[in-house]
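A note on names: the letters A, B, ... follow the listed sequences, proteins ahead of strands, and every chain is numbered from 1. What you see below is based on every heavy atom in this structure, not just the backbone, and it leaves out hydrogens, waters and symmetry mates.
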There are 2 protein chains.
Amino acid sequence: MGITKTFGFSFKINEMSDILKALGNPARLKIIQFLMDSPSSACGDIIEVLPLAQSTVSKHLSELKRVKLIKGKNKGNNIYYSLNIKTWEKVKDFVLSEINLPKED
Amino acid sequence: MGITKTFGFSFKINEMSDILKALGNPARLKIIQFLMDSPSSACGDIIEVLPLAQSTVSKHLSELKRVKLIKGKNKGNNIYYSLNIKTWEKVKDFVLSEINLPKED
DNA sequence: TTTACATATCGAAATATTACCATATTTATA
DNA sequence: TATAAATATGGTAATATTTCGATATGTAAA
């Protein structure tokens with residue numbers, strides 16, 4: 001079908017998997033990594049470091065914005081993107097909260 | 001196209017995004033969460049907690065196995081799945097390593 | 001207000017993903 | 001070996017994703 005079932009899962013699971021899905025793409029993950037190193041980068045600078053067409057990058061930025069992993073701010077002729085700390089913290093908390101790691105066998 | 005470009009991205013980015021993509025699905029994320037709480041669970045028990053057909057769950061388990069987030073061990077008539085700590089640590093390290101968080105503006 | 005530049009959106013093609021049912025395979029036990 | 005139970009695989013339909021080129025939109029400066 002191609003459609004992901006969300007019924008029957010908790011809000012938290014659905015929300016977090018949506019964010020992780022956004023991170024689960026080389027281009028989008030590289031954008032995130034780039035913004036970690038170069039906070040508040042112009043859209044054009046992001047496009048430059050990716051091996052993709054401008055329109056493709058734009059869509060990836062939209063997707064990251066949709067899940068609130070990044071936010072854009074207009075400044076002159078450009079849009080400067082930066083991470084949305086809150087959402088990144090949410091990811092970090094989720095990954096860290098799962099501490100009941102089973103013993104290796 | 002539907003095809004994700006991997007050429008032009010580092011191995012680490014491609015590897016990590018592959019893992020995160022696997023996590024980016026409610027069913028698969030719930031499986032991971034379930035295995036955190038109930039380490040080493042029989043496949044049947046996992047199927048029980050998901051609102052999906054057995055064959056669908058089986059495919060999700062395969063995907064998680066493919067990216068080495070889980071591993072299965074035959075025991076009698078069942079297969080017991082557990083987390084692959086190494087891979088989970090890799091995810092944790094990745095998320096935590098990105099510490100150069102930009103200031104909120 | 002035109003021009004130039006930066007970014008977003010549209011439209012379309014190729015491929016990927018998710019889901020299900022039906023069936024196959026595997027493994028242990030009778 | 002036959003049976004039953006557990007899990008995996010094949011086939012297929014519906015939908016989603018990724019990508020690109022072309023074009024639209026927005027924004028600042030001339």
Side-chain angles (χ1 to χ4, degrees), chain A residues 1-9 13-14 17-31 34-35 40-67 69-82, chain B residues 1-9 13-14 17-31 34-35 40-67 69-82:
Chain A
M1 316 194 162
I3 195 166
T4 300
K5 266 201 183 177
T6 56
F7 186 79
F9 295 100
I13 283 283
N14 280 316
S17 70
D18 201 30
I19 296 170
L20 291 170
K21 186 171 70 173
L23 287 171
N25 171 281
R28 292 193 295 263
L29 194 57
K30 177 147 185 180
I31 290 171
F34 183 73
L35 288 178
S40 196
S41 295
C43 180
D45 293 338
I46 297 172
I47 291 165
E48 266 188 358
V49 296
L50 295 178
L52 299 169
Q54 177 266 324
S55 62
T56 304
V57 176
S58 183
K59 281 198 179 162
H60 284 310
L61 288 168
S62 285
E63 175 63 10
L64 289 172
K65 242 189 308 188
R66 186 185 67 78
V67 301
L69 272 165
I70 65 173
K71 49 192 171 183
K73 188 171 264 187
N74 289 49
K75 215 173 206 176
N77 224 358
N78 307 308
I79 298 180
Y80 286 78
Y81 283 103
S82 47
Chain B
M1 316 192 161
I3 195 166
T4 299
K5 267 201 183 177
T6 55
F7 186 78
F9 295 99
I13 282 283
N14 280 315
S17 70
D18 201 31
I19 295 171
L20 291 170
K21 186 170 70 173
L23 288 170
N25 171 282
R28 291 193 295 264
L29 193 57
K30 176 145 186 182
I31 291 172
F34 184 73
L35 288 179
S40 197
S41 296
C43 180
D45 293 338
I46 298 173
I47 289 165
E48 266 188 359
V49 297
L50 294 178
L52 298 168
Q54 176 266 326
S55 61
T56 304
V57 176
S58 182
K59 283 194 181 165
H60 283 309
L61 287 167
S62 285
E63 176 62 10
L64 289 171
K65 243 190 308 190
R66 186 184 68 77
V67 301
L69 271 166
I70 66 172
K71 49 192 172 184
K73 187 171 264 185
N74 290 48
K75 214 173 206 177
N77 224 359
N78 307 310
I79 298 180
Y80 286 79
Y81 283 103
S82 48

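At least one donor-acceptor pair under 3.5 Å links the side chain of Asn25(B) to the backbone N or O of Ala27(B). In this structure a side-chain-to-backbone donor-acceptor pair under 3.5 Å is present from Lys5(A) to Pro51(B). Ser17(A) places a side-chain N or O within donor-acceptor distance of the main-chain N or O of Ile13(A), the cut-off being under 3.5 Å. The main-chain N or O of Gln54(B) is never found under 3.5 Å from a side-chain atom of Ser58(B) such that the two would form a donor-acceptor pair. Listed for the Arg28(B) side chain is a donor-acceptor partner under 3.5 Å among the backbone atoms of Ala22(B).
At a cut-off of 3.5 angstrom, the base of dA8(D) holds at least one donor-acceptor pair with the side chain of Gln54(B).
You'll find that the side chain of Ile3(B) is closest to dA16(C), out of dT9(D), dA16(C), dC20(D). The nucleotide whose nearest atom lies closest to any side-chain atom of Leu52(B) is, among dT9(D), dA8(C), dA19(C), dA19(C). For Asn77(A), the side-chain atoms get nearest to dA6(C) when compared with the rest of dC21(C), dA6(C), dT18(D). With dT7(D), dT18(D), dA19(C) as the candidates, the nucleotide lying closest to the side chain of Lys5(A) is dA19(C).
Using a 4.0 Å heavy-atom criterion, one finds that Lys59(A) contacts the bases of the nucleic acid, with or without backbone contacts as well.
For Asn78(B) and dA8(D), the CG to C1' distance is 14 Å, given to the nearest whole Å. Following rounding to the nearest Å, Phe7(A) (CZ) and dA19(C) (C1') show an atom-to-atom distance of 16 Å. The distance from atom CG of Leu61(A) to atom C1' of dT9(C) is 14 Å, rounded to the nearest whole Å. In this structure, Ile31(A) atom CD1 and dT18(D) atom C1' are separated by 13 Å, rounded to whole Å. Remark: C1' of dT15(D) and NZ of Lys21(A) are 11 Å apart, rounded to the nearest angstrom. Rounded to whole angstrom, the span from the OH atom of Tyr80(B) across to the P atom of dA6(D) amounts to 10 Å. Per the geometry, CG belonging to Asn74(B) stands 6 Å off P belonging to dT27(C), to the nearest Å. If you take NZ of Lys75(A) and P of dT7(C), they are 13 Å apart, rounded to a whole angstrom.
Using a 4.0 Å cut-off, no side-chain N or O of Ser58(B) falls inside it from OP1 or OP2 of dT7(D). Dashed line: the shortest gap from a side-chain N or O of His60(B) to OP1 or OP2 of dT17(C) is not under 4.0 Å. Phosphate contact (OP1/OP2 of dA8(D), side-chain N/O of Tyr81(B), threshold under 4.0 Å): present. Within the structure, every side-chain polar atom (N or O) of Ser55(A) is placed at least 4.0 Å from both OP1 and OP2 of dG21(D).
Mapping Asn25(A) and Ile47(B) onto DNA chain D via the closest heavy atom, the residue that lands nearer the 5' end is Ile47(B).
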